[in-house]
Novice: 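For reference, the structure I am asking about is given below.
Indexing begins at 1, ligand by ligand and atom by atom, following the structure's order.
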Amino acid sequence: MSTAPMPEFPAGFRWGVSTSAHQIEGAATAAGRGPSIWDTFAHSPGRISDDSSGAVACDHYHRYAEDVALMAGLGVCAYRFSIAWPRVQPGGTGPANTAGLDFYDRLVDELLAAGIDPVATLYHWDLPQPLEDAGGWLNRDTATRFADYADLTATRLGDRVRLWITLNEPFIHMSLGYGIGTHAPGRMLLFDAFPVAHHQLLGHGLAVAALRARSTSPVAIANNYSPVRVLGDSAADRAAGAAYEALHNRLFTDPLLGRGYPELPGFDPSVIHAGDLDTIAAPIDVLGVNYYNPTGVRAAEEDSPLPFDLVGLDGYPRTAFDWPVAPDGLRELLGWLRDTYGDALPPIEITESGCAYDDVPDADGQVADPDRIAYLDGHLRAVRSAIDDGVDVRGYFVWSLLDNWEWAEGFTKRFGLVHVDYVTRARTPKSSYTWLRDLIAASRPGSAR
Ligand code: FCB
């Protein structure tokens, strides 16, 4: 870790933390909440590595005031959370479930009282199960349903949410949820999952219009990006790199920024109706960037169903998820976005960045996580360098405030600045929390640095 002082961030830089509803809330049936695809998936044998589910998770639904106090103690000015669609519309259609929205009303007011901007993601992968039963995101109608849900949510919260995020990582949802089936809803369609991309993007565009009609707050989407490192220098390796680049980094960005879809092998464009691309390209105010690691790519074996092979990258330290720790990839990615999209690129906020380690409390109950401190230090310096390179980055949200239920990994991967005991649900700030608190305090105007 660098011993040089952390360079100053621009005035007004948005320091934040991120979570998502299904990973922290629990209270799976409270106030009329309906089942989501993740409830169904977690209750199917063999899907979750520790056979757990998100039914209780961090019990944030009941402990949200304690969690907002932790954020206030950290000194963040923004909190990115997600709203559970099955709380707002238990069946995915019809009028709002007022009791479900009441929870977010309380949360938003608690945040505002603590001086923290509520940043609400509408969809972080928890589709109401009845919509999946009707085809999920393979069904064009889900896009319209999503816009209705956006309308109902913004009608209630549009005066207080400070930034809207429509979708979280539609690429990961499509590829893991519908492409290879390791996430809910567990379908294995490979490239036949393309309609899921188009319908999510269409839902995004329709939701942008719905949000604009009910709220004057800015609107964003949070995409996952991974700089592509091509291993090998044959034409086939380069073609594989370009195919993966198109799939991971461009499929959900080119059409948003008015360029239509990139060339992709195997993708059937027949789901695109007249006018869809204009709906999808509705202007957004911020691009949310979720970054974890670069991806190594080389040419596929001859009998592979995919046009690329993904390979591990050597030479980097690794997290407990075995992901390479590569802050240089974040600077590279931000430069790539600016160079690729130029003036069409809106201001960026890093809406997720973080790491999993096997953090264990010591005999005194303290949790030291020096690797996470080094991770955050490196990635924040990368963001600062990108700002120096001329990329307009306005904020950084750490994934995550709390250790939480990490999807198919259950409770086995800890990403939090705050440790959660999954027996008592007790919260213990880790040493990274104290480190970040001091860094944020030092970056305030008027603080002595
Ligand atoms: C991202 C997800 C988030 C969390 C982190 C580790 O892809 O958006 O919910 O799982 O990875």
Novice: Is the distance from the ring center of H183 to that of W125 below 6.0 Å?
Specialist: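 Yes, they do, as the ring centres are separated by less than 6.0 Å.
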
Novice: Could you list each N/O atom of ligand 1 together with any protein N/O atom closer than 3.5 Å, one pair per line with the distance?
Specialist:
from: ligand 1; atom 1: 7 (O); to: E169; atom 2: OE1; distance (Å): 2.5
from: ligand 1; atom 1: 7 (O); to: E169; atom 2: OE2; distance (Å): 3.1
from: ligand 1; atom 1: 8 (O); to: H124; atom 2: NE2; distance (Å): 3.3
from: ligand 1; atom 1: 8 (O); to: N168; atom 2: ND2; distance (Å): 3.0
from: ligand 1; atom 1: 8 (O); to: E169; atom 2: OE1; distance (Å): 3.3
from: ligand 1; atom 1: 8 (O); to: E352; atom 2: OE1; distance (Å): 3.1
from: ligand 1; atom 1: 8 (O); to: E352; atom 2: OE2; distance (Å): 3.0
from: ligand 1; atom 1: 9 (O); to: Q23; atom 2: OE1; distance (Å): 2.8
from: ligand 1; atom 1: 9 (O); to: H124; atom 2: NE2; distance (Å): 2.8
from: ligand 1; atom 1: 9 (O); to: W407; atom 2: NE1; distance (Å): 3.1
from: ligand 1; atom 1: 10 (O); to: E406; atom 2: OE1; distance (Å): 2.9
from: ligand 1; atom 1: 10 (O); to: E406; atom 2: OE2; distance (Å): 3.0
from: ligand 1; atom 1: 10 (O); to: W407; atom 2: NE1; distance (Å): 3.0

Novice: Just so I know, are the side chains of W137 and P195 near enough to count as touching, which here means a heavy-atom distance under 4.5 Å?
Specialist: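 Result no, sub-4.5 Å side-chain heavy-atom pair not found.
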
Novice: Tell me if the aromatic rings of Y261 and H198 count as close, with their centers under 6.0 Å from one another.
Specialist: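 Y261 vs H198: aromatic centres under 6.0 Å.
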
Novice: Decide salt bridge (Lys or Arg N to Asp or Glu O under 4.0 Å) for D102 and R156; before the verdict, give the C-alpha distance in whole Å, the side-chain angles of both, and the deciding distance to 0.1 Å.
Specialist: CA-CA 9 Å; D102 285 349; R156 182 77 184 269; 2.6 Å; yes

Novice: Centroid-to-centroid, Y225 to Y291, below 6.0 Å?
Specialist: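 No; Y291 has its ring centre 6.0 Å or more from that of Y225.
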
Novice: Would you sort out whether R63 and D67 count as a salt bridge (Lys or Arg N to Asp or Glu O under 4.0 Å), showing the intermediate values?
Specialist: CA-CA 6 Å; R63 295 171 191 247; D67 293 337; over 6 Å; no

